[in-house]
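What follows is a short report on a single structure.
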Amino acid sequence: NRLHTVYSASIISTFLHRHDYSNVVVILAHLDDWANFLLFMQETDKGSPRYGAFSYSYFLNTKEKEKRYVSGTAALNIFTLLRLHQITGQDKYLDSAKMAGDWLISIQREDGAIKPYTRYDENDKKWKYGTKLSLLYNGQSLSALSKLYSYTKEEKYYNSAKKIADLFATKYEAAG
């Protein structure tokens with residue numbers, strides 16, 4: 001009853017890999033349609049603290065975006081968006097990837113960790129951030145921000161990725 005943004009990005013990525021190996025023309029013919037769903041799911045209100053984040057899912061029955069934004073979703077979408085830009089040359093995909101990277105930076109804690117999510121609490125009528133350290137989401141964010149730096153050469157992505165890597169190194173050293 002709903003479409004998940006991150007799964008959609010993974011499917012697009014899989015189709016792009018399929019095209020790489022066998023040059024399936026019909027895949028390229030549908031790229032914009034598929035990618036437009038990702039762009040539709042991204043928060044584009046510049047005044048929003050979620051600017052650049054992707055809604056976690058879209059409810060088919062109510063035609064509403066879920067009021068939940070997960071850092072891992074943004075991170076994984078970055079890979080697909082950069083690949084779309086590489087294939088099509090359309091700046092909208094690079095712009096979207098950079099917006100997602102900027103959102104990840106905006107939710108990075110002082111210790112380097114990326115907050116796992118923000119969601120709207122219907123009971124309190126407030127936006128709340130997750131507080132637990134997610135090694136999965138931070139690993140995804142580290143990879144995505146590193147890729148974004150490699151692609152754009154913008155230092156802010158390198159600096160953010162380095163903070164996550166330093167956090168991981170500290171945890172690893174502390175664990176022996």
One pair to check against salt bridge (Lys or Arg N to Asp or Glu O under 4.0 Å): K156 and D102. What are the steps and the verdict? CA-CA 9 Å; K156 63 184 174 181; D102 292 347; 3.1 Å; yes
Taking it one step at a time, do E66 and R119 satisfy salt bridge (Lys or Arg N to Asp or Glu O under 4.0 Å)? CA-CA 9 Å; E66 184 174 0; R119 67 172 176 78; over 6 Å; no
Stepwise ring-ring contact (aromatic ring centres under 6.0 Å, His included) check, H4 with Y58: CA-CA 6 Å; H4 289 85; Y58 180 77; over 10 Å; no
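- Under the ring-ring contact (aromatic ring centres under 6.0 Å, His included) criterion, F168 pairs with no residue at all, not counting sequence neighbours.
- Using a 4.5 Å heavy-atom cutoff, the side chains of W103 and T118 are in contact.
- When hydrophobic clusters are built by joining Ile, Leu, Val, Met, Phe, Trp and Tyr residues whose side-chain heavy atoms come closer than 4.5 Å, directly or via intermediates, I114 is not grouped with L76.
- Between atom CG of residue N36 and atom CE of residue M41 there is a gap of 13.5 Å, rounded to the nearest 0.5 Å.
- In this structure, I78 CD1 and S143 OG are separated by 10.5 Å, a value rounded to the nearest 0.5 Å.
- Note that CD of Q140 is 10.5 Å distant from CG of N77, once rounded to the nearest 0.5 Å.
- Nearest heavy atoms, R2 versus F59: CD-CE2, 3.6 Å.
- Separating the NZ atom in K147 from the OH atom in Y157 is a distance of 15.0 Å, to the nearest 0.5 Å.
- Between L31 and L16, the closest side-chain pair of non-hydrogen atoms falls below 4.5 Å.
- The minimum heavy-atom distance between A161 and L145, with the atom names listed, is CB-CB, 4.0 Å.
- Residues F37 and Y7 do not share a hydrophobic cluster, clusters being chains of Ile/Leu/Val/Met/Phe/Trp/Tyr side chains in contact below 4.5 Å.
- In this structure, a donor-acceptor pair under 3.5 Å is absent between the side chains of N159 and Y149.
- The main-chain N or O of S10 is found under 3.5 Å from a side-chain atom of T14 such that the two form a donor-acceptor pair.
- Residue pairs satisfying the salt bridge (charged side-chain N to carboxylate O under 4.0 Å, His left out) criterion with at least one member in residues 159-176, sequence neighbours excluded, are listed as follows: K162-D166.
- Nearest heavy-atom pair, P116 versus S134, reported as atom, atom and distance to 0.1 Å: CB-CB, 4.3 Å.
- Rounding to the nearest 0.5 Å places CZ of R50 at 10.5 Å from OG of S106.
- A 4.5 Å side-chain heavy-atom check between L84 and L94 finds every atom pair outside the cut-off.
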List the steps, then state whether side chain to side chain contact (heavy atoms under 4.5 Å, CB included) holds for E43 with F54. CA-CA 6 Å; E43 177 59 63; F54 292 86; over 6 Å; no
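- Here the shortest heavy-atom pairing between T131 and R109 reads O-NH1, 3.2 Å.
- Counting heavy-atom neighbours within 6.0 Å of K132 NZ, excluding the residue itself, gives a total of 12 or less.
- Cluster membership for I87 and L82, using ILVMFWY side-chain heavy atoms within less than 4.5 angstrom, is not shared.
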Hey, mind stepping through I164 and Q108 against side chain to side chain contact (heavy atoms under 4.5 Å, CB included) and telling me if it holds? CA-CA 9 Å; I164 300 168; Q108 190 166 35; 3.5 Å; yes
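- F79 and I12 are not part of a single hydrophobic cluster, where members link through side-chain heavy atoms under 4.5 Å apart.
- Aromatic pair Y117/W127: ring centres not closer than 6.0 Å.
- Taking the charged nitrogens against the carboxylate oxygens, D121 and K125 have no contact shorter than 4.0 Å, which rules out a salt bridge.
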Please step through side chain to side chain contact (heavy atoms under 4.5 Å, CB included) for the pair L3 and S57, ending with a clear verdict. CA-CA 5 Å; L3 297 173; S57 66; over 6 Å; no
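- Contact check for Y137 versus V70: side-chain heavy atoms found under the 4.5 Å cut-off.
- Within a 6.0 Å radius of NZ in K153, more than 12 heavy atoms belonging to other residues, nucleotides or ligands are found.
- Between L104 and S71 there is a side-chain heavy-atom pair separated by less than 4.5 Å.
- For the pair E122 and K67, the minimum side-chain heavy-atom distance is below 4.5 Å.
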Derivation of the side chain to side chain contact (heavy atoms under 4.5 Å, CB included) call for T44 and L39: CA-CA 9 Å; T44 58; L39 299 179; over 6 Å; no
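- Counted within 6.0 Å of NZ on K65, heavy atoms from surrounding residues, nucleotides or ligands total more than 12; the atom is thus considered enclosed.
- Annotation: side chain of Q90 is in contact with side chain of D32 (closest heavy-atom distance under 4.5 Å).
- In this structure, Y158 places its OH atom where only 12 or fewer heavy-atom neighbours from other residues, nucleotides or ligands lie under 6.0 Å away.
- Within the 4.5 Å cutoff, the side chain of L167 has heavy atoms near those of the L133 side chain.
- Scanning both residues, L38 and S8, for their nearest heavy atoms gives CD2-CB, 4.2 Å.
- The two residues Y129 and K115 make their nearest non-hydrogen contact at CD2-CD, 3.6 Å.
- Y120 and Y69 fall within the same hydrophobic cluster, where Ile, Leu, Val, Met, Phe, Trp and Tyr residues are linked whenever their side-chain heavy atoms come under 4.5 Å apart, directly or through other members.
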